[in-house]
Amino acid sequence: MLKPLQEWICDSCGKIITSPTEGYVIWQHDNNQHDFDFKIIHKFVCEPPSYPSSVPLNDFLGSKGSTYLLSFISLGKIKARGQYRNYCHVLDFDEFVDLYRRVQIPYYEEARKKFNNPQLLADMEDASEVHPYQEEVLKQIIEKY
């Protein structure tokens, strides 16, 4: 089992990133400066040249990381004025929420690899929108599926 919020699976090579200091979060931009295709990778080793943005994985962890992530979708009441009132740089919210959960919710990183399991999908069919992503449920997903 991966150490929650300390180890990740590299989206480039598929091997384990064994420490936040070994990882980077990378993403691309479209012509309208919308961010997309977020990936967690091994720093320097697995970074493809076509990704213009990269930030150390540590910057996305904890409350500081949560604050950073939220700035992608809103500048908040202090900064969101005038032309920045409806500021949002995220192109695909589901993809962005997946990144958010990977770096903020314990056990999500490992459990997400099982989300296509037909039995898991059947078992979660009647679950609320919150239930599958709770820490204890994610832990059960890892152990059961």
Side-chain angles (χ1 to χ4, degrees), residues 2-118 120-121 123-142 145:
L2 295 176
K3 294 176 193 165
L5 304 179
Q6 295 179 38
E7 295 180 329
W8 289 264
I9 300 168
C10 178
D11 291 321
S12 185
C13 72
K15 295 179 183 172
I16 295 175
I17 298 168
T18 58
S19 164
T21 59
E22 294 178 2
Y24 256 43
V25 175
I26 61 173
W27 64 93
Q28 297 188 59
H29 315 283
D30 68 8
N31 291 336
N32 296 318
Q33 292 303 305
H34 289 111
D35 300 322
F36 67 99
D37 200 18
F38 296 91
K39 295 185 182 305
I40 297 175
I41 59 155
H42 285 99
K43 180 172 48 175
F44 305 127
V45 179
C46 294
E47 191 167 355
S50 63
Y51 284 74
S53 295
S54 62
V55 174
L57 179 55
N58 269 329
D59 289 358
F60 288 94
L61 303 178
S63 61
K64 177 183 172 188
S66 184
T67 301
Y68 191 158
L69 287 159
L70 290 172
S71 74
F72 280 81
I73 56 176
S74 173
L75 293 178
K77 297 223 180 251
I78 293 173
K79 297 293 290 178
R81 304 208 184 276
Q83 71 184 45
Y84 298 110
R85 191 159 193 272
N86 293 315
Y87 171 96
C88 179
H89 274 225
V90 175
L91 186 63
D92 181 331
F93 278 100
D94 287 335
E95 177 189 52
F96 181 76
V97 168
D98 186 58
L99 171 66
Y100 191 99
R101 288 176 173 148
R102 290 179 75 183
V103 296
Q104 293 293 319
I105 299 175
Y107 301 104
Y108 182 84
E109 176 69 5
E110 190 167 359
R112 72 192 280 271
K113 295 297 182 184
K114 301 175 185 249
F115 289 173
N116 288 328
N117 180 298
L120 170 62
L121 295 174
D123 291 348
M124 293 290 173
E125 189 173 11
D126 293 330
S128 73
E129 61 276 2
V130 175
H131 179 76
Y133 308 110
Q134 295 176 17
E135 186 174 336
E136 286 306 312
V137 175
L138 292 166
K139 210 171 170 181
Q140 290 170 3
I141 290 170
I142 294 166
Y145 302 94

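- To the nearest 0.5 Å, the span separating NZ on Lys15 from SG on Cys46 amounts to 8.0 Å.
- Between Gln104 and Ser66 the shortest heavy-atom distance is NE2-N, 3.5 Å.
- Using modelled atom types, no side-chain atom of Gln33 and backbone atom of His89 make a donor-acceptor pair closer than 3.5 Å.
- Taking both residues in full, the closest heavy atoms of Pro20 and Leu57 are given as O-CB, 3.6 Å, listed atom of the first, atom of the second, then distance.
- Across all their heavy atoms, Ser19 and Thr21 have their closest contact at OG-OG1, 2.9 Å.
- What you find for Pro48 and Tyr51 is that their closest heavy atoms are CG-CD1, 3.2 Å.
- Of all heavy-atom pairs between Lys114 and Ile142, the closest is NZ-O, 3.4 Å.
- By the ring-ring contact (aromatic ring centres under 6.0 Å, His included) test, Phe72 is found to be paired with Trp27, Phe38, Tyr68, Phe96, residues two or more places apart in sequence or in another chain being considered.
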* Assess whether side chain to side chain contact (heavy atoms under 4.5 Å, CB included) is satisfied between His29 and Ser53, documenting all intermediate values. => CA-CA 8 Å; His29 315 283; Ser53 295; 2.6 Å; yes
* To do: Please step through side chain to side chain contact (heavy atoms under 4.5 Å, CB included) for the pair Ile73 and Phe93, ending with a clear verdict.
  => CA-CA 9 Å; Ile73 56 176; Phe93 278 100; 3.7 Å; yes
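- Partner of Val103 under the side-chain contact (heavy atoms from CB on, under 4.5 Å) criterion, out of Asp59, Leu69, Leu5: Leu69 alone.
- Atoms CD and CD, on Gln6 and Glu109 in that order, are 13.0 Å from each other to the nearest 0.5 Å.
- Within the 3.5 Å criterion, the main-chain N or O of Pro56 finds no donor-acceptor partner in the side chain of Lys43.
- Counting all heavy atoms, side chain and backbone alike, Ser50 lies closest to Pro52 at O-CD, 3.4 Å.
- The aromatic rings of Tyr133 and Phe115 sit perpendicular, their planes meeting at an angle over 60°, well past the 30° parallel limit.
- Using a 4.5 Å heavy-atom cutoff, the side chains of Arg102 and Asp11 are in contact.
- Distance CD/Gln28 to CG/Asp37: 5.0 Å, rounded to 0.5 Å.
- Checked by atom type and distance alone, the side chain of Asn32 never pairs as donor or acceptor with a backbone atom of His34 at under 3.5 Å.
- Note that CD of Glu22 and NE2 of His42 are 6.0 Å apart. Values are rounded to the nearest 0.5 Å.
- To the nearest 0.5 angstrom, Glu110 atom CD is 6.5 Å from Ile9 atom CD1.
- For the atom pair CD1 (Ile41) and CD (Glu47), the distance works out to 4.5 Å, reported to the nearest 0.5 Å.
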* Check step by step if side chain to side chain contact (heavy atoms under 4.5 Å, CB included) holds for Val25 and Ile40. => CA-CA 5 Å; Val25 175; Ile40 297 175; 4.2 Å; yes
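- Glu7 contributes a side-chain N or O that, together with a main-chain N or O of Lys3, makes up a donor-acceptor pair within less than 3.5 Å.
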